[in-house]
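Report on the following structure.
A, B, ... follow the sequence lines: proteins, then strands. Residue 1 opens every chain.
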Amino acid sequence: MDNIKHYILFPSYNTGLALEGFLKKEKIKYTIVPTPRELSTCCGISIQYNKADEERISEIVKVNSIDIIGFYSLQKEYKDLYLGQNKE
Amino acid sequence: MADYRELWTSLNMDLEKHDQLCEVLPELYGGVYLTQENRPEGMNYFNFVVSEVHGLRIAELDKHRKEGGKVLGTFCVFVPDEVILAANAISVGLCGGSQFWVPDGEKVLPRNMCPLIKAAVGAKISGTCPYFQSCDMLVGETTCDGKKKAWEILNEYVPVHVMDLPQMKRTKDYAMWMDEIKIFIEKVEELTGNKITVDNLKKAIEVCNAKRRALKRLYNFRKITPSPISGLDALLISQISFYDDPVRFTEKVNELCDELEERAKEMKAEGKKRIMITGTPMALPNWKLHHIIENLPAEVVVEETCTGTRYFENEVDAEGETIEALIKNMADRYLNINCACFTPNDGRVEDVLRYAEEYKVDGVIYYNLSFCHTYSVEYKKVEEALKKAGIPIMNIETDYSTEDSGQIKTRVEAFLEMI
């Protein structure tokens, strides 16, 4: 299955930023993104990550007791709302 | 997930309608921004700000107001933020950049009016913009007839103070603008209950200058070929600069610039055409033209607009021992902005020619929001000067709708092939 994207959702932006600090320190690639509507109707941040790093991130979350809602995977293509094409 | 619904309810927002807006944003942002390749890591902060655009910053404004502080909404780069900050108030830019608000604006405004005004008014009357809802006062100005008359309508919803901006730059116009700044100071003091002193005004000038310096530093990286940051990302940062906390924003832009310094050493030119945009502002979330251009083999390297160079060029001199001296310094800096509302406005043509050289542009795209007459008329002067200098230029007049995106793409494609 292509176009699977991986996200971590948080109860508040604070815990998201806390995890970001650790990811930065550990040099793990991540992107802060608006939470996809498919995963939650509340606005706010999520962290998109590479599947290969999931175990390491999971460990960081556990060791540092970071409060997260969970890890989610989603088949997702971004729509180009201006030009009407879909993109990965 | 943080739930801001209680906060939005307390701001008298139309939650149901606002939810439609919330639904579009992640998709729009994803399609335009997150599909860009190899973005600087420092853009994560700006991703964060966009993701929390109606959340965290609104909560900060709410906290400020609960502690007795005031929030002022502005619409123009001529309104001196220094005065607002000096009175311990917060300034937020309110220009609307989304088609979402246009139909509501058209309920009270004529349709043949610029989309920026229609969207701003629509955002207020539909109760779907938490920034508008957080404002204790709006600060209007007289940069165009449309805005001038729209203040009267907005004043029915929230108090509006209008600054009378002169339309010429003679000595008496400087005197008039200094007087306007003085009246504005009195108004802000009255609203906030805080006295503006030489000391707090100087501190505010420093904060605003530091922000200008950071934006200037960012833009300087775009003079490099290839630019280590996309035009889209630079535009987003400019847009965010109007409502983010100025000290935090400055710090984050400088962090990003440190990263760009390293990136610039490693990037290799891909032969993309270097484009300057000149013309009317692009308010959040208007990313249409940059998105179209940068999906072609081209990069936008500078915007001679109010959401570009006009916002950060030149600093306010912080030297002076009286309020009057500082007011003069502010007037000097602000009246140095070259907006098409002035006659004559030769300074703008000079700016465009200078930037064309500094940013090594291959071509200029004149961006005109529909029905913005001053910029539309001024095209002729800019076109003549650029043609004389041998720099290709094209004119695009458009609004916030997406119907003409394909057509604009075709025209830009042809322009890029020509240059």
Handout entry: Residue R248(B) excluded, over 12 heavy atoms near CZ under 6.0 Å
Key = yes

Problem - Contact winner vs chain B - T15(A), L17(A), I47(A), heavy-atom pairs under 4.5 Å - result: L17(A)

Completion exercise
So CD of E27(B) and NZ of K76(A): to nearest 0.5 Å the spacing works out to 3.5 Å

Problem - Rounded distance (nearest 0.5 Å) linking atom CG of D3(B) with atom OG of S12(A) - result: 12.0 Å

Problem - Close side-chain approach of L81(A) and V24(B), heavy atoms under 4.5 Å - result: yes

Practice task
Find the distance between CG (N47(B)) and OG (S46(A)) and round it off to the nearest 0.5 Å.
Solution key: 11.5 Å

Completion exercise
W287(B) and Y82(A) have their tightest heavy-atom pair at N-OH, 3.2 Å

Exercise for the section: Decide yes or no for L34(B) and V33(A): does some side-chain heavy atom of the first lie under 4.5 Å from some side-chain heavy atom of the second? Expected result: yes

Practice task
Could you check if a side-chain atom of I32(A) sits within less than 4.5 angstrom of a side-chain atom of M43(B), using non-hydrogen atoms only?
Solution key: no

Problem - Approximate separation, where rounding is to 0.5 Å, of D80(A) CG and T35(B) OG1 - result: 7.0 Å

Problem - Minimum heavy-atom distance P26(B)-R37(A), with the two atoms named - result: CG-CG, 4.3 Å

Exercise for the section: Salt-bridge test for K29(A) and E41(B): reply yes if a basic N is under 4.0 Å from a carboxylate O, no otherwise. Expected result: yes

Exercise for the section: Indicate yes or no: at least one non-hydrogen side-chain atom of V32(B) is less than 4.5 angstrom from one of Y78(A). Expected result: no

Practice task
Could you look at L28(B) and say if it's the side chain, the backbone, both or neither that has a heavy atom under 4.5 Å from chain A?
Solution key: both

Fill in the blank from the handout: So, the part of F48(B) with a heavy atom under 4.5 Å from chain A: the answer is both

Practice task
Would you indicate whether Q407(B), at its atom CD, is surrounded by more than 12 heavy atoms from other residues, nucleotides or ligands within a distance under 6.0 Å?
Solution key: no

Completion exercise
Residue from I292(B), L25(B), D19(B) scoring the most non-hydrogen pairs under 4.5 Å with chain A is D19(B)

Handout entry: N44(B) backbone acceptor or donor facing Y30(A) side chain under 3.5 Å
Key = no

Fill in the blank from the handout: Applying a strict 4.5 Å limit to non-hydrogen atoms, the region of K288(B) in contact with chain A is both

